[in-house]
Q: 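Have a look at this one.
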Amino acid sequence: METAVTPPPDRRFAVSLFSRLRTSKGQANPFPIYAELRSRGGVVAAPWGGHLVTRFDLCDQVLRNRDWLEPDARWREQQGDGTRWTAPSSREMSRTLPALNPPEHTWVRRSAGMFDRTSLEEIRGTVSRITGRLMDSLADQLREGEADFNALVSEELPVATIGHWLGLPSADFPRLRELTHDQVFTQELLPSASQLALSDAATAELRTYFLELVRERRAHPGDDPVSRWITLWDDMESDRDRADEAVYFLALFVLLAALETTSTLLSTMTLLLLEHPRQWNRLTVTPDLVPAAVEESLRYDPPTHVISRVSSRDTELGGVEVRKDEMVHLMVGAANRDPAKHEDPELFNLHRKPAHLAFSGGIHYCLGAPLARLEAQTLLHHLVGRFPNLTLVRRPTWAPRVAFRRPLNLDVALI
């Protein structure tokens, strides 16, 4: 039996919705707006063309089906000059692993070769040591009164972890963190011209930084991922400049993937638990629930709320016609609270069976997911052990974003 195909709903509703999402109130709590969007159907017309997908099953279907592609360099070039897709930062991102499609994606992903069980065990001690040091700094600050958990801990743990793994000088960490915050705008859903300008400048500086790193490691190889990638790509690519470019794009991808979303996860997880004192208290007496708390945080408010894909052919999705090369935006922040998937989805519940799309899915499932989980679980074990009386002082403010969540502060104190 053929599925009935219906025309997309009126786009004016989506225009109004996104206008509200881009306000400070919408950025602080987008979920009521998502619920309105979900009520209009699983697939809703996007204001700028394409479609917004809110049902969990449909988002999961797209992520796992190879007929749905990343908006790669070819697709971006087709959008024409003067669009956000052909901005310098967007062109650069189109050559990183998350924007590649098979077969190129397959061998680049294989070449990355990171964060398997063995490498995670090697890095576990480093994460624990860094976390312990950050807890000492937090304790010192809390003795004086309030502390910004976001600045002291969430922003520091990811960059120290990935910086140590890549063998980067710790003096470079603050600047790399700032550049990452600016660069991510090119991956936003609707970046403004000024945001794209920030992203273009940050991307250019990151390119200079990592190409210099590759040249330095080629001259003085060590026991680090960049040196290993150089050896590997020299065997795969006869042109040395192209090999160095490939290593640069791997290093850039690793930094961007490891910093922004993990930092947001650490802050959001802590915020959610402090906003739900019963769950926090339960963790302090039952630390075995720490992995469940991380997974429920990822479901309830994931670091990335939107994942975009492009159709490789004319098809239909949820009864709506989608043309070849048309984009769909998977509203995973909405899908993770789909009542058809989760009972009482608005309830933050540590005993829920894990099921979320925070790390994407299919062949593009996040390579850094194991490391993000390791950092979040390690941090939470330290927190509930050392600061059982931690409390939230005030609600945070949020960065002006829709797709990539980021609290700008998280002020805490001890009761």
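The chain is numbered in sequence order, starting from 1.
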Q: With rounding to the nearest 0.5 Å, note down the distance linking CG in L298 to CG in N336.
A: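 One finds 8.5 Å between CG of L298 and CG of N336.
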Q: Determine whether a donor-acceptor pair (N or O, by modelled atom type, separation under 3.5 Å) exists between the side chain of N281 and the backbone of P277.
A: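 Here the side-chain-to-backbone pair exists.
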Q: Does the side chain of V153 reach to within under 4.5 Å of the side chain of L266, using non-hydrogen atoms?
A: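 Counting from C-beta outward, V153 and L266 never come under 4.5 Å.
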Q: Could you tell me whether R401 and E260 have a side-chain N and a carboxylate O separated by less than 4.0 Å?
A: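 Yes.
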Q: Are P303 and F404 side-chain neighbours, meaning at least one heavy-atom pair lies under 4.5 Å?
A: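 With C-beta onward as the side chain, the pair stays apart.
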Q: Against R95, only a single residue in E245, E70, E104 fulfils salt bridge (charged side-chain N to carboxylate O under 4.0 Å, His left out); can you say which?
A: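 Testing each of E245, E70, E104 against R95, the sole residue satisfying salt bridge (charged side-chain N to carboxylate O under 4.0 Å, His left out) is E245.
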Q: Quick one: does any side-chain atom of T96 pair with a main-chain N or O of E92 as donor and acceptor, under 3.5 Å?
A: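 Side chain of T96 to backbone of E92: no pair is present.
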Q: Would you sort out whether M331 and R38 count as a side-chain contact (heavy atoms from CB on, under 4.5 Å), showing the intermediate values?
A: CA-CA 10 Å; M331 308 296 290; R38 242 188 350 255; over 6 Å; no
Q: Counting only N and O atoms by type, is there a donor-acceptor contact under 3.5 Å from the side chain of T106 to the main-chain atoms of P102?
A: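 Checked: no pair found.
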Q: Kindly assign one of parallel, tilted or perpendicular to the pair W229 and W165, based on the angle between their ring planes and the thresholds 30° and 60°.
A: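 Ring orientation of W229 relative to W165: perpendicular.
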Q: Could you tell me which non-hydrogen atom of G222 sits nearest to which non-hydrogen atom of S227, and how far apart they are?
A: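 In terms of heavy atoms, the two residues are closest at N-OG, 2.9 Å.
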Q: Can the ring centroids of H305 and F31 be said to lie less than 6.0 angstrom from one another?
A: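 That pair passes the under 6.0 Å test.
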Q: On a heavy-atom basis, which atom in A147 and which in L152 lie closest, and how many Å separate them?
A: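 Result for this residue pair: CB-CD1, 3.8 Å.
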Q: Can any side-chain N or O of W75 pair as donor or acceptor with the backbone N or O of V310 at less than 3.5 Å?
A: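 No; judged by distance alone, with no hydrogens or angles, the pair does not exist.
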Q: Taking all heavy atoms of E36 and all of S39, pick out the closest pair and write down the distance.
A: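 Closest heavy-atom pair between E36 and S39: O-OG, 2.5 Å.
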Q: Quick one: salt bridge (Lys or Arg N to Asp or Glu O under 4.0 Å) pairs with a partner in residues 178-204, sequence neighbours left out?
A: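 Salt bridge (Lys or Arg N to Asp or Glu O under 4.0 Å) check on residues 178-204 returns R175-E178.
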Q: Is there a side-chain contact between L213 and Y248 (heavy atoms, below 4.5 Å)?
A: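 Answer no - side chains too far apart.
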Q: Hey, could you give me the CG/CG distance between L179 and L252, rounded to the nearest 0.5 Å?
A: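 The distance works out to 10.5 Å.
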Q: Is the closest side-chain heavy-atom distance between L383 and L138 below 4.5 Å?
A: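 In short, these two side chains touch, coming nearer than 4.5 Å.
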Q: Counting only heavy atoms not in H105, do more than 12 sit closer than 6.0 Å to its NE2 atom?
A: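 Enclosed: over 12 neighbouring heavy atoms sit under 6.0 Å from NE2 of H105.
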Q: Show your working on salt bridge (Lys or Arg N to Asp or Glu O under 4.0 Å) between R207 and E205 and close with a plain yes or no.
A: CA-CA 5 Å; R207 179 181 178 85; E205 188 172 337; over 6 Å; no
Q: Decide if atom CD of E121 counts as having more than 12 heavy atoms of other residues, nucleotides or ligands within a radius under 6.0 Å.
A: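 Counting other residues, nucleotides and ligands, CD of E121 exceeds 12 neighbours.
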Q: Give the ring-plane orientation class for W107 versus W233, where under 30° counts as parallel, over 60° as perpendicular and anything between as tilted.
A: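 Ring orientation of W107 relative to W233: tilted.
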Q: Looking at every heavy atom in both S154 and S267, which two are closest together, and how far apart are they?
A: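 Looking at all heavy atoms of both residues, the shortest contact is OG-OG, 2.8 Å.
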Q: How many angstroms lie between atom CG of L371 and atom OG1 of T262, to the nearest 0.5 angstrom?
A: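 L371 CG to T262 OG1: 6.5 Å, rounded to 0.5 Å.
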Q: Is it true that N349 and Y300 share a donor-acceptor pair across their side chains at a distance under 3.5 Å?
A: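 The answer is no; no qualifying pair exists.
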Q: Using a 3.5 Å distance criterion without hydrogens, assess whether the side chain of S263 forms a donor-acceptor pair with backbone atoms of L259.
A: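 Not confirmed, S263 side chain does not pair with L259 backbone.
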Q: Taking R124 first and then E122, would you say they form a salt bridge - that is, a charged N and a carboxylate O separated by under 4.0 Å?
A: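 Judged by the 4.0 Å cut-off on N to carboxylate O distance, R124 and E122 do not form a salt bridge.
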Q: Given the rule in the side-chain contact (heavy atoms from CB on, under 4.5 Å) test, do R217 and I230 qualify, once you have shown the distances and angles that lead to the verdict?
A: CA-CA 8 Å; R217 296 293 165 83; I230 290 170; 3.8 Å; yes
Q: Any chance you could lay out the ring pair (Phe, Tyr, Trp, His ring centres under 6.0 Å) test for H364 and W68, step after step, and finish with the verdict?
A: CA-CA 11 Å; H364 290 284; W68 295 92; over 10 Å; no
Q: Give a yes or no on whether a salt bridge exists between R64 and D60, defined as a side-chain N under 4.0 angstrom from a carboxylate O.
A: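 Between D60 and R64 there is a salt bridge, with a charged N closer than 4.0 Å to a carboxylate O.
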Q: Within the side chain of D314, is there an N or O that forms a donor-acceptor pair under 3.5 Å with the backbone of K324?
A: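 Answer holds: yes.
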Q: With no hydrogens and no angle check, is any side-chain donor or acceptor of S360 less than 3.5 Å from a backbone partner on Y365?
A: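 A pair under 3.5 Å: no.
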Q: Check for me whether R405 meets the cation-pi criterion with W398, that is, NZ or CZ under 6.0 Å from the six-membered ring centre and within 45 degrees of the ring axis.
A: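 Positive - R405 is close enough to the ring of W398 and near enough to its axis.
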Q: Is there a side-chain contact between T83 and T86 (heavy atoms, below 4.5 Å)?
A: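 The answer is yes, as the side chains (C-beta and beyond) meet within the 4.5 Å cut-off.
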Q: For a quick test of reading the model, state the closest non-hydrogen atom pair linking P396 to P407 and the distance between them.
A: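 Smallest interatomic distance, heavy atoms only, reads CB-CB, 4.2 Å.
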Q: Looking at D223, I'd like to know if its CG atom is crowded, meaning that more than 12 non-hydrogen atoms belonging to other residues, nucleotides or ligands lie closer than 6.0 Å.
A: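 Count not over threshold, so no.
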Q: Please list all pairs meeting salt bridge (Lys or Arg N to Asp or Glu O under 4.0 Å) that have one or both residues in residues 353-367, counting only residues at least two apart or in different chains.
A: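 Of all non-adjacent pairs touching residues 353-367, none passes salt bridge (Lys or Arg N to Asp or Glu O under 4.0 Å).
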Q: side-chain contact (heavy atoms from CB on, under 4.5 Å) between E146 and R394: does it pass, once the steps are laid out?
A: CA-CA 10 Å; E146 296 180 12; R394 63 185 63 86; 3.1 Å; yes
Q: When you measure from the side chain of H164 to the backbone N and O of A160, does any donor-acceptor pair fall under 3.5 Å?
A: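 Absent.
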Q: Using a 4.5 Å cut-off on heavy atoms from C-beta on, say whether the side chain of D67 contacts that of T315.
A: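 No, too far: nothing below the 4.5 Å cut-off.
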Q: Quick one: do R352 and E343 make a salt bridge, cutoff under 4.0 Å?
A: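 A salt bridge is absent here (no side-chain N lies under 4.0 Å from a carboxylate O).
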Q: Given side chain to side chain donor-acceptor pair (under 3.5 Å), test Q279 with H351 step by step and report yes or no.
A: CA-CA 10 Å; Q279 307 287 17; H351 296 284; 5.8 Å; no
Q: Between D140 and R143, is the closest basic N to carboxylate O distance under 4.0 Å?
A: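 A salt bridge is present here (some side-chain N lies under 4.0 Å from a carboxylate O).
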Q: Is the closest side-chain donor-acceptor distance between N101 and D72 under 3.5 Å?
A: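 Yes, because at least one side-chain N or O of N101 sits under 3.5 Å from a partner of the opposite role on D72.
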Q: Measure from the side-chain N and O atoms of T304 to the backbone N and O of V306, and report whether any donor-acceptor pair falls under 3.5 Å.
A: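 Such a contact is absent between T304 side chain and V306 backbone.
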Q: Could you give the distance from CG (L189) to CD1 (I307), rounded to the nearest 0.5 Å?
A: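 One gets 12.0 Å once the value is rounded to the nearest 0.5 Å.
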Q: Go through the steps to decide whether H329 and S308 satisfy the test side chain to side chain donor-acceptor pair (under 3.5 Å), and finish with yes or no.
A: CA-CA 4 Å; H329 301 285; S308 299; 2.7 Å; yes
Q: When rounded to the nearest 0.5 angstrom, what is the spacing between CG in L100 and CZ in F253?
A: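 One finds 10.0 Å between CG of L100 and CZ of F253.
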Q: Find the distance between CE (M269) and CD (E296) and round it off to the nearest 0.5 Å.
A: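 Those atoms lie 13.0 Å apart.
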Q: Between Q183 and T186, does the side-chain contact (heavy atoms from CB on, under 4.5 Å) criterion hold? Intermediate values first, please.
A: CA-CA 6 Å; Q183 199 284 333; T186 199; 3.5 Å; yes
Q: Answer yes if the side chains of T23 and R20 hold a donor-acceptor pair under 3.5 Å, and no otherwise.
A: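 Short answer, no.
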Q: Can you check whether V384 reaches W280 side chain to side chain, under 4.5 Å on heavy atoms?
A: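 V384 reaches W280 side chain to side chain.
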Q: I'd like to check V44 versus L37 (side-chain heavy atoms, cut-off strictly below 4.5 Å). Are they in contact?
A: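 Touching, per the 4.5 Å side-chain cut-off.
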Q: Testing the basics here: between G41 and T54, what is the closest heavy-atom pair and its distance to 0.1 Å?
A: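 So the two residues come closest at O-OG1, 3.3 Å.
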Q: Is the charged tip of R337 near the ring of Y34: under 6.0 Å from the six-membered ring centre and within 45° of its axis?
A: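 So R337 doesn't make the cation-pi contact.
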